[in-house]
Student: 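Once you've had a glance at the structure underneath, I'll fire off some questions.
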Protein chains: 2
Amino acid sequence: MTTGGSTTADHLRAALDGPWAAVREEARIQLADDRFTGDPNLDYKAARARVLDQMKAIAGMGLAERGFRRENGGTSEPGAAVTGLEMLAYADLSLWVKAGVQWGLFGGAVENLGTERHRDYITRLLSLDLLGCFAMTESGHGSDVANLETTATYDPATQEFVIHTPTPSARKDYIGGAAEHARVAAVFAQLITQNENRGVHCLLVPIRDEHGADLPGVTTYDDGLKGGLPGVDNGRIVFDQVRIPRENLLNRYADVAPDGAYSSDIENPSRRFFTTLGTLVRGRVSVGGAAAAGARVALSIAVRYALKRRQFSDPDSGAETLLLDYRSHQRRLLPLVAKSWALAFAQNDLVRRMHLVQTGQDLDPSAQRALEKRAAGLKVAQTRHATRAIQECREACGGAGYLTENRLVTLKADTDVFTTFEGDNVVLTQLVAKELLTSYSDEIRDLDALGWVRFAATMAGDVVRKRSGVRQMIQTLSDRNGETVDEADLSRRSVQLKLFADREDYLVRTAAHRLRARAADTGPFEAFNNAQDHILAAGTAHIDRLVLEAFIDGIADIEDPEARALAEDVCDLYVYSLLEEHTAWFIMHRFMSVERAKAVRRGVNELVDRLRPHALTLIEALGVPEGMLRAALLEDASVFERA
Amino acid sequence: MTTGGSTTADHLRAALDGPWAAVREEARIQLADDRFTGDPNLDYKAARARVLDQMKAIAGMGLAERGFRRENGGTSEPGAAVTGLEMLAYADLSLWVKAGVQWGLFGGAVENLGTERHRDYITRLLSLDLLGCFAMTESGHGSDVANLETTATYDPATQEFVIHTPTPSARKDYIGGAAEHARVAAVFAQLITQNENRGVHCLLVPIRDEHGADLPGVTTYDDGLKGGLPGVDNGRIVFDQVRIPRENLLNRYADVAPDGAYSSDIENPSRRFFTTLGTLVRGRVSVGGAAAAGARVALSIAVRYALKRRQFSDPDSGAETLLLDYRSHQRRLLPLVAKSWALAFAQNDLVRRMHLVQTGQDLDPSAQRALEKRAAGLKVAQTRHATRAIQECREACGGAGYLTENRLVTLKADTDVFTTFEGDNVVLTQLVAKELLTSYSDEIRDLDALGWVRFAATMAGDVVRKRSGVRQMIQTLSDRNGETVDEADLSRRSVQLKLFADREDYLVRTAAHRLRARAADTGPFEAFNNAQDHILAAGTAHIDRLVLEAFIDGIADIEDPEARALAEDVCDLYVYSLLEEHTAWFIMHRFMSVERAKAVRRGVNELVDRLRPHALTLIEALGVPEGMLRAALLEDASVFERA
């Protein structure tokens with residue numbers, strides 16, 4: 001199982017580590033230190049203090065600098081930044097969120113929406129001399145950012161903006177850092193100047209003095225205990241006519257002159273809004289990555305436990321049976337391992353694309369928007385996977401799984417909010433689907449329901465394949481064409497990819513048709529709402545197809561033959577499991593015969609059988625160092641390892 | 001919507017409250033008190049102390065006495081006991097578990113396995129003068145109780161049992177009460193006398209003195225923090241040659257004479273073991289009930305929130321849209337509400353059956369065993385439902401759902417362990433399926449895999465219908481026979497029930513066939529393991545059919561026509577949602593055409609549309625008093641209720 005001193009697991013881990021493998025290797029060493037591990041026995045006040053100490057230790061490592069441009073004191077390596085910070089998730093998700101808020105969200109807002117005049121903020125936030133928070137969400141509006149209620153009204157008499165919370169529902173809420181540590185908030189508010197509302201903009205608003213007391217006009221509240229993430233001090237902020245200098249507007253895309261005149265290079269207000277939000281895509285990229293990292297930790301614990309723990313005697317041999325030798329246990333864990341592989345390749349691909357766009361190496365005008373859609377889709381896929389996989393791992397470890405010392409409940413609690421933060425998963429899936437329906441057309445991106453129902457009605461068939469290049473990939477993979485999908489060998493990648501693409505294509509086309517057919521009768525909202533489950537299914541099918549493509553691409557880079565053969569089996573398990581999950585759809589829409597559906601089910605069983613002997617290798621390849629698992633049930637060999 | 005002063009919701013709540021409606025009504029008043037509510041801000045040490053105080057307040061209410069026979073100082077109302085204690089789950093699940101451990105598990109062991117000589121224990125445990133724990137599970141064996149390792153060796157010289165933990169994996173683990181409060185443990189151990197192992201028996205072992213210090217030879221450990229249930233002091237116990245009097249053996253089914261001679265009325269050791277465990281069925285009945293209660297609280301919060309919270313403007317009207325007006329939101333919550341209804345009827349039916357068996361009103365020799373199977377099956381269905389429904393509710397409330405003040409994360413964390421306690425859900429589903437395969441045959445219940453593979457091989461077809469009376473129910477419901485299922489009107493109950501019964505019947509028969517076909521080739525364990533997913537599916541199908549029957553029976557008792565019509569729609573939604581979930585299976589096995597499958601999907605959409613205006617009524621019928629919801633997001637109207 002070794003070639004040239006490397007084991008199969010080494011080859012596979014290198015492949016799954018992706019373009020920033022070196023960053024991951026370095027982080028595995030740096031973060032193995034006890035001081036970066038979460039301590040679930042601390043109360044939330046103490047946990048917050050501990051995470052702040054951990055942040056200080058990390059500030060010296062250069063992780064954060066990678067995320068900023070050279071002129072701002074960084075090293076301009078966004079791909080490395082996201083990858084390196086993701087590794088914090090192996091140690092403690094509270095620490096990952098705290099770092100993400102400071103350097104990713106707050107820092108990212110200043111970096112991407114600010115200009116030279118805000119450079120000093122970046123110097124100070126990098127070193128933690130200045131702690132910030134990202135005050136976008138309000139109690140009344142999370143998903144619908146365009147309708148935030150907080151106002152920033154320009155007063156030319158004093159050349160100040162007046163920040164105000166006009167209603168109870170306009171309070172900023174769930175803001176990481178707002179309860180205790182943040183001194184400055186990047187506040188998203190409706191900018192009003194010369195009696196005109198110019199839409200949502202971001203402004204830097206000091207909220208606490210150097211002793212941590214609320215500044216005049218600012219009232220902060222503690223959100224208190226949450227489902228998890230005890231080390232993050234989420235809170236609320238209410239502004240009562242708080243005045244800040246004109247220069248605190250982050251003015252990359254729009255500015256207000258001393259006299260109150262508004263100017264922007266982007267004339268269309270809606271496009272300006274989406275451009276603003278689009279620069280913050282790194283947040284979604286990162287949340288998906290951290291969720292997937294959490295799932296990898298959980299699967300590493302549960303599979304390793306299933307390779308030690310025995311229960312019930314095998315009547316043939318008299319010996320107690322290892323959990324992972326039960327078919328049901330293989331079926332509950334191994335397809336999730338395969339999905340973790342798939343998503344790891346997809347995340348690496350996403351980070352690479354983000355890096356190319358953000359470093360100016362990909363100048364295709366549609367690249368930014370494609371990146372946003374892909375980031376939204378993979379955020380959904382990865383956070384859903386984390387919720388499901390960690391829950392399954394918890395249950396697969398029985399009573400032991402419920403003890404905090406075995407970490408699974410902490411992983412579940414910490415990642416749980418990821419399904420709704422940086423965009424609710426339903427809303428994001430819909431966003432992906434809308435993009436599909438509007439075929440990336442920039443002009444109508446910000447249309448209301450009426451507008452894009454009209455647009456969708458004009459779509460021609462087969463748009464998915466035409467625009468995405470999937471047809472070419474299928475062509476490249478195909479060795480024999482002309483056969484029907486149902487006759488073809490399902491173990492061939494081209495056939496698998498065809499099935500995934502067919503599902504996506506069919507769902508998109510029929511959703512468009514359904515919208516057109518109903519819009520005239522019921523009005524666009526009703527038409528949209530009536531087809532909502534259909535539209536969401538189209539979004540999900542698209543994400544599934546992108547993930548499979550990334551898996552196929554990822555395997556292509558593996559040179560070691562044994563490693564590659566194993567990866568091909570894992571890819572098959574990912575495909576077969578997903579086909580099994582959607583069997584009803586495939587049969588109902590005549591893409592699969594009943595016989596083929598039965599073959600898919602048998603295929604899953606055959607694949608878990610075949611992969612069972614390699615279970616530990618599959619887990620080692622996921623790359624969570626054994627020393628970072630920190631689950632008591634893996635350490636207390638005398639209790640759980642019996643012959 | 002009112003008849004005779006009662007609203008539709010009142011009629012429906014009365015139906016869902018079931019045979020012990022009066023007990024539920026009384027508890028709603030008694031438990032509304034703040035002192036019974038959980039306080040998530042306490043650390044776990046303080047939470048444990050608070051729950052102990054709550055127990056003392058409850059001890060005076062007479063709830064616990066219902067669970068004990070009159071000769072033991074109780075009132076012999078087991079149905080009322082389970083129902084009344086279940087209501088504690090609305091207030092705080094830690095309190096429910098603590099009460100369940102003391103009066104249900106520990107008290108139940110003494111009540112059901114002890115004799116007159118243990119009567120004093122019951123007097124003391126009722127009043128909380130004596131706190132006990134139920135020491136069955138060991139670190140090495142939870143599911144496989146027959147292979148527990150702790151020993152109770154009889155020493156005739158001193159007429160004592162010596163309780164001992166022979167290996168690290170034999171330590172008692174996850175034992176509620178063992179960490180702090182319990183003074184006596186009901187210990188399950190291998191009874192050895194006259195050099196012969198007589199199998200697992202239960203003995204009362206003092207573990208702490210009156211000051212709470214471990215007694216000589218006993219070492220207790222704290223399991224520490226868990227995923228939830230902070231008010232329950234779970235711990236470990238290790239015994240080092242601890243001596244207890246001979247009389248501490250709970251000797252209802254077996255005894256050891258002073259000279260060490262073993263005697264039992266039940267000769268077959270395996271049957272003795274299962275009889276012993278069977279008396280403890282109330283634990284499983286109760287866990288399922290509490291899990292379902294937790295799901296009802298979560299759905300009450302999420303649906304009420306979805307009736308207040310608005311997000312995104314309807315372009316037709318300009319007004320922001322209520323969450324529950326979105327199709328996707330209806331589809332994620334309303335089928336879960338329907339399932340909660342179904343399970344409430346099924347739980348009431350189960351408790352009624354348990355009451356009849358345990359009060360000697362049902363003397364059918366097969367009743368106890370049927371009860372155990374039903375309890376196992378419904379425990380699985382209800383705990384799975386709770387895990388899924390509470391997670392969905394948490395996500396459906398967005399960021400607010402993640403704050404502890406909105407209770408959903410606490411409900412999730414507290415109920416999470418229910419999927420594995422009182423029997424792992426996979427093991428229990430398998431137990432149900434094995435019972436189906438062995439057709440309730442008492443003689444072979446305790447066969448090893450080889451034995452029941454042989455037995456299953458002798459089975460004739462259609463056994464499910466023959467033995468269960470489902471055929472008669474279908475006959476009674478049918479108005480027109482002779483038509484095929486696919487032509488028949490799917491909205492008819494007889495057709496729905498046929499589909500459910502067909503699925504169960506087919507799965508059981510084909511599993512038996514598959515076992516027979518393979519056993520000769522591969523040996524019984526391999527044959528069993530190869531078919532494990534098939535066997536589990538048979539168990540699940542059986543449970544689904546029982547739940548539907550209970551729903552149909554429950555509706556039959558509703559007299560108010562409006563209430564009944566609404567309940568029929570809810571039952572349809574339960575059926576259609578479940579058929580949709582299993583569409584692939586029904587099509588692949590030719591029980592459903594593709595056209596019918598599409599009609600099922602449309603049916604779910606039509607039903608959520610039709611039920612949407614009644615959403616609040618459906619929730620009120622579930623019977624969680626608004627005052628017991630205690631979710632801040634329902635109370636702060638100014639923040640979330642905007643026009």
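Only heavy atoms go into these numbers, but all of them, side chains included; no hydrogens, no water, no symmetry mates. Protein chains get the first letters and strands the later ones, always in sequence-line order, with residue 1 at the start of each.
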Student: Do A/Glu405 and B/Leu225 have side chains that approach each other closer than 4.5 Å (heavy atoms only, starting at C-beta)?
Tutor: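 No; the side chains remain at least 4.5 Å from each other.
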
Student: For the candidates A/Gly224, A/Gly228, A/Ala531, which exhibits the highest count of non-hydrogen atom pairs separated by less than 4.5 Å from chain B?
Tutor: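 Answer, by heavy-atom pair count under 4.5 Å with chain B: A/Gly228.
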
Student: Heavy-atom cut-off 4.5 Å, strictly under: side chain, backbone, both or neither for A/Glu580 against chain B?
Tutor: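 When you check distances to chain B, no heavy atom of A/Glu580 falls under 4.5 Å.
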
Student: Report the distance from atom OG of B/Ser139 to atom CZ of A/Arg309, rounding to the nearest 0.5 Å.
Tutor: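 Rounded to the nearest 0.5 Å, the OG-CZ separation comes out at 8.0 Å.
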
Student: Within the structure provided, determine whether A/Val426 and B/Arg332 are in side-chain contact (heavy-atom separation under 4.5 Å).
Tutor: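 Yes. Closest side-chain heavy atoms under 4.5 Å.
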
Student: Can we say B/Asp533 and A/Arg601 salt-bridge, meaning some charged N sits less than 4.0 Å from an Asp/Glu carboxylate O?
Tutor: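 Looking at A/Arg601 together with B/Asp533, the answer is yes, because their closest N to O distance falls below 4.0 Å.
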
Student: Does any non-hydrogen side-chain atom of B/Asp223 lie less than 4.5 Å from one of A/Tyr402?
Tutor: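 With C-beta onward as the side chain, the pair stays apart.
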
Student: Which bit of A/Leu229 is near chain B, if near means a heavy-atom gap under 4.5 Å: side chain, backbone, both or neither?
Tutor: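 Its backbone and side chain both get close to chain B.
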
Student: Heavy-atom pairs under 4.5 Å with chain A - which of B/Leu408, B/Thr420, B/Asp325 has more of them than the others?
Tutor: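 If we count pairs closer than 4.5 Å to chain A, B/Thr420 comes out on top.
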
Student: Would you tell me whether B/Gln311 and A/Ser143 have side-chain atoms, one donor and one acceptor, within less than 3.5 Å of each other?
Tutor: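 Side chains of B/Gln311 and A/Ser143: no pair found under 3.5 Å.
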
Student: May I ask you to decide if B/Asn530's main-chain N or O and A/Arg327's side chain share a donor-acceptor pair within less than 3.5 Å?
Tutor: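 Yes, because the side chain of A/Arg327 sits within donor-acceptor range (under 3.5 Å) of the backbone of B/Asn530.
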
Student: Using side chain to side chain donor-acceptor pair (under 3.5 Å) as the criterion, list what pairs up with B/Thr165, not counting sequence neighbours.
Tutor: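 Counting only residues at least two positions away or on another chain, B/Thr165 forms no side chain to side chain donor-acceptor pair (under 3.5 Å).
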
Student: Which region of B/Ala597, side chain (C-beta onward) or backbone (N, CA, C, O), has a non-hydrogen atom less than 4.5 Å from a non-hydrogen atom of chain A, or is it both or neither?
Tutor: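 Looking at B/Ala597, backbone and side chain both touch chain A.
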
Student: What part of B/Phe421 is in contact with chain A, defined as an atom under 4.5 angstrom from a non-hydrogen atom: side chain, backbone, both or neither?
Tutor: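 Looking at B/Phe421, nothing touches chain A.
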
Student: Just to verify, what does A/Glu138 make a side chain to side chain donor-acceptor pair (under 3.5 Å) with, not counting sequence neighbours?
Tutor: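 Partners of A/Glu138 by the side chain to side chain donor-acceptor pair (under 3.5 Å) criterion, ordered by chain and then number, come out as A/Thr150, A/Lys172.
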
Student: Tell me the closest heavy-atom pair linking A/Ser313 and B/Asn147, and the distance in Å.
Tutor: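 Minimum heavy-atom separation between A/Ser313 and B/Asn147: OG-ND2, 4.2 Å.
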
Student: Sort B/Gln330 into side chain, backbone, both or neither according to what part of it lies under 4.5 angstrom from a heavy atom of chain A.
Tutor: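 B/Gln330 has no heavy atom closer than 4.5 Å to chain A.
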
Student: Closest approach of A/Arg394 and B/Val417, non-hydrogen atoms and distance?
Tutor: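 Taking every non-hydrogen atom into account, NH2-CA, 3.3 Å.
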
Student: Could you tell me which portion of A/Thr387 (side chain, backbone, both or neither) has an atom closer than 4.5 angstrom to a non-hydrogen atom of chain B?
Tutor: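 Contact with chain B: side chain only.
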
Student: Any side-chain heavy-atom pair from B/His141 and A/Glu320 closer than 4.5 angstrom?
Tutor: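 Heavy-atom side-chain distance check passes, below 4.5 Å.
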
Student: I need the residue from B/Asp609, B/Asp144, B/Thr404, B/Val594 with the largest number of non-hydrogen atom pairs under 4.5 Å to chain A.
Tutor: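 That would be B/Asp144.
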
Student: What is the distance from atom CD of A/Gln532 to atom CG of B/Asn605, rounded to the nearest 0.5 Å?
Tutor: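 If I round to the nearest 0.5 Å, the distance is 10.5 Å.
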
Student: Under the side-chain contact (heavy atoms from CB on, under 4.5 Å) criterion, do B/Lys226 and A/Val409 qualify, and how do the steps go?
Tutor: CA-CA 7 Å; B/Lys226 305 181 297 291; A/Val409 290; over 6 Å; no

Student: What part of B/Thr137 lies closer than 4.5 angstrom to a heavy atom of chain A: side chain, backbone, both or neither?
Tutor: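 It is neither, since no heavy atom gets under 4.5 Å.
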
Student: Without swapping roles, check the side chain of A/Thr583 against the backbone of B/Ala584 for a donor-acceptor pair under 3.5 Å.
Tutor: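 No, because the side chain of A/Thr583 does not come within donor-acceptor range (under 3.5 Å) of the backbone of B/Ala584.
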
Student: Would you say the side chains of A/Gln391 and B/Asp416 form a donor-acceptor pair under 3.5 Å?
Tutor: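 Distance-only check passes for A/Gln391 and B/Asp416.
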
Student: Taking A/Ala632, A/Ala400, A/Pro40, A/Gly523 one by one, which has the highest count of heavy-atom pairs under 4.5 Å against chain B?
Tutor: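 Winner by heavy-atom pair count: A/Ala400.
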
Student: Answer with side chain, backbone, both or neither: which region of A/Asn41 has an atom nearer than 4.5 Å to a non-hydrogen atom of chain B?
Tutor: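 Contact with chain B: backbone and side chain both.
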
Student: Side chain from CB out, backbone as N, CA, C, O: work out which of these in B/Thr410 comes under 4.5 Å of a heavy atom of chain A, or both, or neither.
Tutor: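 No part of B/Thr410 comes within 4.5 Å of chain A.
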
Student: Answer with side chain, backbone, both or neither: which region of A/Asp424 has an atom nearer than 4.5 Å to a non-hydrogen atom of chain B?
Tutor: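 A/Asp424 touches chain B through side-chain heavy atoms alone.
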
Student: Where does A/Leu536 contact chain B at under 4.5 Å (heavy atoms): side chain, backbone, both or neither?
Tutor: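 Just the side chain, heavy atoms under 4.5 Å.
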
Student: Distance from A/Asn529 atom CG to B/Asp314 atom CG, nearest 0.5 Å?
Tutor: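 A/Asn529 CG to B/Asp314 CG: 9.0 Å, rounded to 0.5 Å.
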
